[in-house]
Amino acid sequence: MTGNPLESVSVRIACVHFQAREVDALRRLLVLLTTHLHRPWMLVADSTHADVILVNLEEGAAAPSHSGARVVGCASKPKQHARGTLYWPPRAYELLALLNELPPPEAASLFGAATTDAEWSYRLRSWPAQFSEWPREWWKVLAAIRTAHMSVHELELRTGVGGVEVRRCIDELERLDLLDREQERPSPQRARRAAPDGWRKLADRLGQLLGFVR
């Protein structure tokens, strides 16, 4: 991992023509690769919000064109398909190369009106039928977003659950289509609460020097 703040934006990965068990297998593989990836990742159900779209070509479907995302086919005989096609099922070394060669996100995706987790809040429409089989930490996330929209960062603060687990839970809920979400810009009050103490004190001091704080 580098110190570049742009690389803190997750790579959003969508799966087309994947069975549920195949998505789960991909998730487990990505978890194993996490420490070797340059950027964090998340699986998303909606391909229109994806950075990378993996397509199972074994289903006989051509890789769709998709503006703004990199579409990559997967096939048991990749040489019979377009250049850049990966093996099916996906192999660890190919996924690692694919994700690490992605260009860094634009600064606008961090500071503009785009789609990072910090700018999305989530609300649970209904409890998943299989929630009792999920990690107990995820239960806290489910309870927190059952009655209110909350961002990933807010969920970390409210539940005490680590960011990786919160993201995994959100990914699974999105795959099951159980979430409503809203895009929002953090309010000045929220941004102030989230600011590190050192920066907050410096901002207060500068405000006093400039006459903005009494």
Side-chain angles (χ1 to χ4, degrees), residues 9-37 39-102 115 117 120 122-139 141-142 145-146 152 155 161 163-181:
V9 179
S10 295
V11 178
R12 296 159 299 178
I13 306 168
C15 301
V16 175
H17 303 311
F18 278 51
Q19 300 296 322
R21 67 179 184 278
E22 294 164 348
V23 175
D24 290 339
L26 177 66
R27 179 181 288 104
R28 290 193 294 271
L29 180 57
L30 289 168
V31 168
L32 293 175
L33 293 176
T34 294
T35 57
H36 303 288
L37 293 171
R39 290 164 56 191
W41 56 271
M42 62 184 300
L43 294 179
V44 296
D46 186 354
S47 63
T48 61
H49 295 105
D51 302 303
V52 176
I53 301 174
L54 299 177
V55 182
N56 176 10
L57 299 179
E58 293 300 291
E59 295 294 326
S65 60
H66 194 287
S67 176
R70 180 166 181 179
V71 180
V72 180
C74 302
S76 59
K77 297 180 180 179
K79 292 183 180 179
Q80 295 181 1
H81 295 269
R83 184 177 181 180
T85 300
L86 306 184
Y87 274 98
W88 177 264
R91 298 183 179 182
Y93 71 92
E94 289 188 326
L95 280 175
L96 187 64
L98 169 67
L99 297 178
N100 280 347
E101 72 182 14
L102 292 174
T115 54
D117 284 330
W120 287 102
Y122 304 89
R123 181 168 179 168
L124 184 65
R125 286 199 294 270
S126 61
W127 284 70
Q130 65 273 47
F131 84 90
S132 61
E133 302 172 6
W134 291 5
R136 290 295 182 96
E137 287 187 323
W138 291 17
W139 295 11
V141 176
L142 296 175
I145 58 176
R146 186 64 185 96
V152 169
L155 284 167
V161 178
V164 172
E165 285 302 311
V166 172
R167 291 174 187 273
R168 288 182 60 202
C169 182
I170 293 296
D171 288 349
E172 186 63 17
L173 290 170
E174 286 199 314
R175 186 181 71 81
L176 296 172
D177 194 26
L178 291 176
L179 289 179
D180 292 323
R181 66 178 186 172

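Here the side chains of L142 and W127 are in contact, with some heavy-atom distance below 4.5 Å. Side-chain contact between Y122 and V152 is present, with at least one heavy-atom pair separated by less than 4.5 Å. No side-chain heavy atom of L99 sits under 4.5 Å from any side-chain heavy atom of R39. Contact check for C15 versus L26: side-chain heavy atoms found under the 4.5 Å cut-off. Proximity of D177 to R125: side-chain heavy atoms (C-beta onward) are separated by under 4.5 Å at one or more points. Contact check for T85 versus V72: no side-chain heavy atoms found under the 4.5 Å cut-off. In this structure, the side chains of F18 and R175 stay at 4.5 Å or more apart for every pair of heavy atoms. Counting heavy atoms from C-beta outward, P78 and W88 have side chains that stay 4.5 Å or more apart.
In this structure, the separation between OG on S126 and CZ on R146 is 6.5 Å, given to the nearest 0.5 Å. Summarising the geometry, atom NZ belonging to K77 is positioned 11.0 Å from atom OH belonging to Y87; distances are rounded to the nearest 0.5 Å. Taken from SG in C74 to CG in L54, the straight-line distance is 5.0 Å, to the nearest 0.5 Å. One distance of note links CG of L96 with CG of L30; it measures 10.0 Å at 0.5 Å rounding.
Partner of L95 under the side-chain contact (heavy atoms from CB on, under 4.5 Å) criterion, out of I13, L29, L37: L29 alone.
Contact check on R123 versus D180 returns no salt bridge, with no Lys/Arg side-chain nitrogen under 4.0 Å from an Asp/Glu carboxylate oxygen. The pair R168-E165 meets the salt-bridge criterion, with a side-chain N (NZ, NE, NH1 or NH2) lying under 4.0 Å from an Asp/Glu carboxylate O. Between D24 and R21 there is no salt bridge, since no side-chain N of the basic residue sits under 4.0 Å from a carboxylate O of the acidic one.
A donor-acceptor pair is defined here as one N or O able to donate and one able to accept, closer than 3.5 Å; such a pair exists between the side chain of E58 and the backbone of S76. Judged by distance alone, the side chain of D171 and the main-chain N or O of M42 form no donor-acceptor pair under 3.5 Å. Of the possible polar contacts, none joining the D51 side chain to the L102 backbone as a donor-acceptor pair under 3.5 Å is found.
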Candidate pair S47 and I53, rule side chain to side chain contact (heavy atoms under 4.5 Å, CB included), full reasoning: CA-CA 7 Å; S47 63; I53 301 174; 3.9 Å; yes
Chi angles and distances behind the side chain to side chain contact (heavy atoms under 4.5 Å, CB included) call for L124, L178: CA-CA 6 Å; L124 184 65; L178 291 176; 4.2 Å; yes
Step-by-step side chain to side chain contact (heavy atoms under 4.5 Å, CB included) determination, V164 to V31: CA-CA 10 Å; V164 172; V31 168; over 6 Å; no
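For E101, the salt bridge (Lys or Arg N to Asp or Glu O under 4.0 Å) test picks out R70, with sequence neighbours left out.
With Y93 as the aromatic partner, R91 does not meet the cation-pi criteria of under 6.0 angstrom to the ring centre and within 45 degrees of the ring axis.
No close placement of the W138 and F131 rings is indicated, their centers lying 6.0 Å or farther apart.
S10 and R167 are linked by a side-chain donor-acceptor pair at a separation below 3.5 angstrom, with hydrogens and angles left out of the test.
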